[in-house]
Amino acid sequence: MKGNRHYFIIEGGPPLRGEILPGGAKNAILPMMAASVVAGAPLRIRNVPKLDDVDVFGEILRQLGGSVERENDTVTMDQFAAGACEVPYDLAKRLRASVLLLGPLLARYGVADIPIPGGCDIGDRPIDQHLKAFTMMGAACVKDHGKWHVTAPVLKGARIDFDMKTVTGTENVLIAACLARGETVINNAALEPEVVDLARCLKKMGARIEGEGTSTIHVEGVASLRGAEHTAMPDRIEAATLLIAGAMTGGDVTVQHIAPEYLESVLNKLEESGARVSSDGRGVRVIRREPVRSVTVATNPFPGFPTDVQAQFMAYMCLSDSVSTIEENIFENRFRHVAELRRLGADISVSGRVAVVKGVSELSGAPVTATDLRASASLVLAGLVADGETIVKDIEHLDRGYEKLEEKLNSLGASIRRLPEEDECEVIY
């Protein structure tokens, strides 16, 4: 986990060109790490980027009695005999994905103490759907002093009907159901590719799962799961960020090893904006030569437009030829980047869940502050096209979900410097 705070200095201007490879998908890797709790032998995950969120999750596993070792891009986890069943608050408050340990701990040890999860401040994200599901499976859930105390001496298969699409809820129940007695049916399950990748990993561990990638998943409980090796899928959010950066700068960028079906909603909007999108089976290429056309976007669960790409696409629409509307339907507090984009010269107004973006002829470099993971990415993208120098502070948010993003962008022709905050006196605000 990084101890020093850093900031970026970005010189705007050059179009990005070239090919780049995204890292492994954080949103698939974290639930796989949680699944190591129910493995009877070491679980080895490959294609794991060096991210703060991965480091924090690994430390949580260690404090629960497990072993976590990294060698290059491979992380190996091994759970010893019964360890602690309480997720430490000081780590959980930094990482909402810590809630993914509820199901595994419950399935293996019959008890789990989970602090109310933290992570990015992008709105209320209750876990009521998780708790409802585990209650249906025979668990008792009690809220006590800022944490959930959940017990289930025996988890029983059940029919789970989620009231809404929930990715972490689907993943939590999916892992626990692998060791529950009997069959579990998850209705209104999340369709995200990361859920499918988790199911693939669990199957290698001996789980009996059918229907992943559809709205109904069937899980037949087994007595135990074994260790396995699995290569995590590429990060589609990082891929989308890099492709938008290419389009935004009027460049020519290819993201390798990413399946276009993972990004169909984003690619469709890039094409609507005037960019040319193609795929040759090795990756996805985006070229933009025409002016940016305004596009209307509404975020929705997969296969809809991802909420994790909303901020980056808003930065892109700041350069459009007219007026764009962006509707956020997943989180109610995910427009915190708007104020910082305005500091760069963007013309954006917000009413409730809808942002109206009036395109401007250019953005101007200025000091800005990142407020969450994807907001950080949007400010970096804006800095790539802003006139002059953009300073992005608090980039530890960015490091939670992007491995060396500045190095990847620089390899495509960007000009980004990472500096420690103790050197900040050199910067004149």
Side-chain angles (χ1 to χ4, degrees), residues 24-48 54 57-85 87 97-98 100-112 133-134 137-139 152-158 168 170-186 189 193-213 217-233:
K26 180 195 76 162
N27 291 339
I29 291 164
L30 297 183
M32 292 175 199
M33 294 180 72
S36 71
V37 172
V38 296
L43 176 62
R44 185 168 291 109
I45 306 299
R46 304 187 188 279
N47 196 29
V48 180
V54 172
F57 208 100
E59 185 56 32
I60 292 174
L61 290 177
R62 291 186 187 98
Q63 294 198 27
L64 292 173
S67 168
V68 182
E69 302 292 339
R70 173 187 281 274
E71 184 177 354
N72 299 320
D73 72 342
T74 300
V75 173
T76 302
M77 294 146 290
D78 194 7
Q79 295 297 130
F80 299 109
C85 293
V87 175
S98 60
L100 287 165
L101 287 160
L102 174 55
L105 288 173
L106 200 59
R108 177 147 189 183
Y109 303 122
V111 60
F134 289 125
M137 299 175 75
V154 178
L155 274 181
K156 303 172 185 176
T168 54
T170 299
E171 292 167 339
N172 228 338
V173 173
L174 180 61
I175 298 170
C178 292
L179 293 183
R181 291 185 180 176
E183 184 185 35
T184 298
V185 180
I186 307 172
E194 293 81 4
V195 175
V196 176
D197 205 27
L198 170 63
R200 292 193 191 106
C201 180
L202 289 168
K203 285 182 174 181
K204 291 180 180 178
M205 297 164 64
R208 298 175 181 173
I209 303 170
E210 295 181 355
E212 66 273 18
I217 301 176
H218 294 261
V219 186
E220 185 66 38
V222 297
S224 63
L225 294 175
R226 57 180 178 265
E229 294 189 8
H230 183 76
T231 300
M233 63 175 280

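We use all heavy atoms of the structure for the numbers below, so side chains are in, but hydrogens, waters and symmetry mates are not.
Contact between Gly206 and Arg226 at its shortest, heavy atoms only, is CA-NH1, 3.6 Å. Ile217 approaches Thr170 most closely through the heavy-atom pair CD1-CG2, 4.1 Å. Cys178 and Ala207 get closest at one heavy-atom pair: SG-CB, 3.5 Å. Scanning both residues, Leu101 and Phe57, for their nearest heavy atoms gives CG-CZ, 3.8 Å. Between Gly103 and Phe134 the shortest heavy-atom distance is CA-CZ, 3.5 Å. Closest approach of Ala180 to Gly157, counting heavy atoms only: CB-N, 4.0 Å.
Leu64 contributes atom CG, which lies 5.5 Å from atom CG of Leu105 (distance to the nearest 0.5 angstrom). Atom CG in Leu155 sits 14.0 Å away from atom CZ in Arg108 (nearest 0.5 Å).
Shown are Val195, Leu30, Asn27; of these, the side-chain contact (heavy atoms from CB on, under 4.5 Å) with Glu171 is made only by Val195.
Lys204 and Glu229 are not joined by a salt bridge, as no carboxylate oxygen comes within less than 4.0 angstrom of a charged side-chain nitrogen.
At least one side-chain heavy atom of Arg200 sits under 4.5 Å from a side-chain heavy atom of Val196. Residues Ile209 and Leu174 are in side-chain contact: their nearest non-hydrogen atoms beyond the backbone lie under 4.5 Å apart. Looking at heavy atoms from C-beta onward, Leu202 lies in side-chain contact with Met205 at the 4.5 angstrom threshold. Side chains of Met33 and Ile60 form no contact here, defined as non-hydrogen atoms less than 4.5 Å apart. Between Asp197 and Pro31, the closest side-chain pair of non-hydrogen atoms is not below 4.5 Å. Residues Ile29 and Asn47 fail the side-chain proximity criterion, which asks for heavy atoms closer than 4.5 Å.
Checking side-chain atoms of Arg208 against main-chain N and O of His218 turns up no donor-acceptor pair under 3.5 Å. Looking only at distances, no side-chain donor or acceptor of Arg46 sits under 3.5 Å from a matching main-chain atom of Val48. With Arg181 contributing its side chain and Gly221 its backbone, the two residues share no donor-acceptor pair below 3.5 Å.
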Audit row: Glu212, Leu198, side chain to side chain contact (heavy atoms under 4.5 Å, CB included) steps and yes/no: CA-CA 9 Å; Glu212 66 273 18; Leu198 170 63; over 6 Å; no

message: What verdict does the side chain to side chain contact (heavy atoms under 4.5 Å, CB included) test give for Cys201 and Ile45, after you've listed the backbone C-alpha separation in whole Å, the side-chain angles of each residue and the deciding distance to 0.1 Å?
response: CA-CA 9 Å; Cys201 180; Ile45 306 299; 4.1 Å; yes

message: For a side chain to side chain contact (heavy atoms under 4.5 Å, CB included) check, start with the C-alpha distance between Arg70 and Val54, then their side-chain angles and the critical distance, and finish with the verdict.
response: CA-CA 11 Å; Arg70 173 187 281 274; Val54 172; 4.0 Å; yes

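Partners of Pro104 by side-chain contact (heavy atoms from CB on, under 4.5 Å), not counting sequence neighbours, listed by chain and number: Ala34, Val37, Val38, Asn172, Ile175.
In Lys156, the NZ atom is not crowded: 12 or fewer heavy atoms of neighbouring residues, nucleotides or ligands sit closer than 6.0 Å.
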